[in-house]
Amino acid sequence: MTIKLEVLGGCGEYGRNCFYIEVAGEAILLDCGIMNDASKQLPDLTKNHIARLKGVFISHLHTDHTGALPFLEELGYHGTIITSDTTADWLGLENKQLMLIETSTKRKWQSLTKNIQFLWGYSGHVIGSLWFSIRLHGICIFYSGDFSFQPYITKLNCPPKVQYDLALIEGGNADGIIDNSLSLVKFSQKINQDPQQSFYMELTFSNKLIDILLYLYETSSRTLILDQEVWQWLEFHIQHSTNLMSDKVQSLKKLMESSRVYVDVRCESSIYFFKKSTSKLSDRRMSDEVHEIKIDNHQHDSIPYKTHLDNYDIQELTSYIDGTKVVYFHSKWLTEQDGLTEIKKLIPKGVY
């Protein structure tokens, strides 16, 4: 049986993740995101894609995987969206036709239609993030969504070992190898080497923010100052703690009750956390008294931290899934045609 795959965004670029798969006249969509930059470029969706679409699988809450859902609705799609209750809550999808993923259904095949079944697990990337195994007219498909082999607070489930005809595997950190446990130690060393110095960290809403915040709370006695939006992100984790490791839920609660943690204040010798692009704390970023801790894979004097698959992880997951056809996405380094050979060549670009 023929598999028709259309990459509508996400290959050869970092963002716009959207994949149309059709078998025997029935189709599914894997994610529906916009570009991860100021352009907010939409995926290459048309009304022709809507005609045979039976379901849209959403892996997690980030806009590069969900930002084009309103556009999809404008094109005329009002069918089923399959995602976690956590993701649906964050995106405000209560009035949509949803098939919510519940904990009780984990590792159990569910039916979307007579010819479409799926199984899911937690992918470790961010709260509520999922991978999917999908059977479409007997064709077996694996979709990693965004995937992390080194989650600090979120659960990670192993996909089933079945014969996959098609596997779509993300490569957000394909150009390097990153050890998060080593990076966390570096964060702690940096802030503890000068107890009188204040630092700030500007982060997107991802596991990265919560991981580093919680680790520094656990390994130092420094005062932590949070933006209001970061505090709300913490609250969201407590409200949707099913996807979190139980011991980390308790640690997050202790952090939120701690006398060392404040919201939207200025304090000497403190560590500041705020959402990236938040203007409220811009004065602190400009102050000579507050030094930035850079978190990036390429910037000078920065500490890398991954919430995606790095070069080594990609090779491991590819070997485990063993798909007949594998497509790598979510990286400007990898096009639709690139394979494992091209990924291995990227290692010299950065080993962290």
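What you see is a predicted model, and the numbers here were worked out from it, not measured in a lab.
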Undergrad: Of all residues at least two apart in sequence or in a different chain, which pass the side chain to side chain donor-acceptor pair (under 3.5 Å) check with Q232?
TA: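 Side chain to side chain donor-acceptor pair (under 3.5 Å) check on Q232 returns nothing, list empty.
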Undergrad: Would you say the side chains of S198 and S269 form a donor-acceptor pair under 3.5 Å?
TA: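 On atom types as modelled, these side chains do not qualify, holding no pair under 3.5 Å.
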Undergrad: What distance do E6 atom CD and L29 atom CG have between them, rounded to the nearest 0.5 Å?
TA: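 Result: 10.0 Å between the selected atoms.
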Undergrad: For residues D89 and H240, is any side-chain donor paired with an opposing acceptor at under 3.5 Å?
TA: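 The answer is yes; a qualifying pair exists.
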Undergrad: Do F142 and Y164 have their ring centres less than 6.0 Å from each other?
TA: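 Ring centroids of F142 and Y164 are less than 6.0 Å from each other.
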Undergrad: Is it the case that K161 places NZ or CZ above or below the six-membered ring of Y320, under 6.0 angstrom from the centre and within 45 degrees of the axis?
TA: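 So K161 does make the cation-pi contact.
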Undergrad: With sequence neighbours excluded, what pairs up with Q193 under the side chain to side chain contact (heavy atoms under 4.5 Å, CB included) test?
TA: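 Q193: side chain to side chain contact (heavy atoms under 4.5 Å, CB included) contacts with K190.
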Undergrad: From Y312 OH over to Q315 CD, what is the distance, rounded to the nearest 0.5 angstrom?
TA: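 Y312 atom OH to Q315 atom CD measures 8.5 Å (nearest 0.5 Å).
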Undergrad: Mind jotting down which residue pairs meet the salt bridge (charged side-chain N to carboxylate O under 4.0 Å, His left out) criterion with at least one end in residues 46-72? Sequence neighbours excluded, please.
TA: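 Found E22-R52.
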Undergrad: When the aromatic ring centroids of H65 and H125 are compared, is their separation below 6.0 Å?
TA: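 No, the ring of H65 stays outside the 6.0 Å limit from the ring of H125, centre to centre.
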Undergrad: Assess the side chains of T318 and Y328: does a donor N or O sit below 3.5 Å from an acceptor N or O?
TA: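 Yes.
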Undergrad: Over all heavy atoms of both residues, which pair between D310 and I177 is shortest? Give the atoms and the distance, please.
TA: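 Reported closest heavy-atom pair: OD2-CA, 3.4 Å.
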Undergrad: I need the full list of salt bridge (charged side-chain N to carboxylate O under 4.0 Å, His left out) pairs touching residues 119-141, with sequence neighbours left out, sorted by first then second residue.
TA: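 Listed once each, the pairs would be none.
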Undergrad: The criterion is side chain to side chain contact (heavy atoms under 4.5 Å, CB included); which residues satisfy it with L156, sequence neighbours excluded?
TA: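 Residues passing side chain to side chain contact (heavy atoms under 4.5 Å, CB included) with L156: F147, F149, P151.
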Undergrad: Measuring only between side-chain heavy atoms, which start at C-beta, is Y305 closer than 4.5 Å to I178?
TA: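 Side-chain contact under 4.5 Å: no.
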Undergrad: Would you kindly say whether H60 and Y122 are connected by a side-chain donor-acceptor distance under 3.5 Å?
TA: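 Y122 and H60 do not have a side-chain donor-acceptor pair below 3.5 Å.
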Undergrad: Can you tell if the side chain of F329 reaches within under 4.5 Å of the side chain of V7, non-hydrogen atoms only?
TA: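 Of all side-chain heavy-atom pairs linking V7 with F329, none is under 4.5 Å.
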Undergrad: Taking the side chain as everything from C-beta on, heavy atoms only, tell me whether L226 gets closer than 4.5 Å to Y262.
TA: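 Not touching, per the 4.5 Å side-chain cut-off.
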Undergrad: Pick out which of W90, F205, W231 makes a ring-ring contact (aromatic ring centres under 6.0 Å, His included) with F236.
TA: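 Output: one option passes, namely W90.
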Undergrad: Do F57 and F118 have ring centroids that are under 6.0 Å from one another?
TA: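 So the answer is yes for these two rings.
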Undergrad: Just to verify, what does S246 make a side chain to side chain contact (heavy atoms under 4.5 Å, CB included) with, not counting sequence neighbours?
TA: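 None.
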Undergrad: Salt bridge (charged side-chain N to carboxylate O under 4.0 Å, His left out): which pairs involve residues 312-322, sequence neighbours left out?
TA: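 Salt bridge (charged side-chain N to carboxylate O under 4.0 Å, His left out) check on residues 312-322 returns K306-D313.
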Undergrad: Under the salt bridge (charged side-chain N to carboxylate O under 4.0 Å, His left out) test, which residues partner D44, sequence neighbours left out?
TA: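 R16.
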Undergrad: According to salt bridge (charged side-chain N to carboxylate O under 4.0 Å, His left out), who are the partners of K332, at least two apart in sequence or on a separate chain?
TA: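 Per chain and number, K332 pairs via salt bridge (charged side-chain N to carboxylate O under 4.0 Å, His left out) with no residue.
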Undergrad: Would a 4.5 Å heavy-atom cut-off, applied to side chains only, mark I169 and V326 as touching?
TA: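 SC-SC contact between I169 and V326 confirmed.
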Undergrad: Is the shortest heavy-atom distance from the side chain of F132 to the side chain of I82 under 4.5 Å?
TA: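 The answer is yes; the side chains approach within 4.5 Å.
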Undergrad: Not counting sequence neighbours, list each pair that qualifies as a salt bridge (charged side-chain N to carboxylate O under 4.0 Å, His left out) and has a residue in residues 30-41.
TA: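 Output for this query is empty, none listed.
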Undergrad: Are T66 and L61 packed together at the side-chain level, in the sense that at least one heavy-atom pair is separated by less than 4.5 angstrom?
TA: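 No, too far: nothing below the 4.5 Å cut-off.
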Undergrad: Testing N207, T307, N243, D211 for side chain to side chain donor-acceptor pair (under 3.5 Å) with T154, which one passes?
TA: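 With T154 as partner, N207, T307, N243, D211 yield a single side chain to side chain donor-acceptor pair (under 3.5 Å), made by N207.
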Undergrad: Can you name the salt bridge (charged side-chain N to carboxylate O under 4.0 Å, His left out) partners of E26, sequence neighbours left out?
TA: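 For E26, no residue satisfies salt bridge (charged side-chain N to carboxylate O under 4.0 Å, His left out) once neighbours in sequence are set aside.
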Undergrad: Tell me every residue that passes side chain to side chain contact (heavy atoms under 4.5 Å, CB included) with S331, counting only those two or more places apart in sequence or in another chain.
TA: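 Result, side chain to side chain contact (heavy atoms under 4.5 Å, CB included) vs S331: A174, W333, L334.
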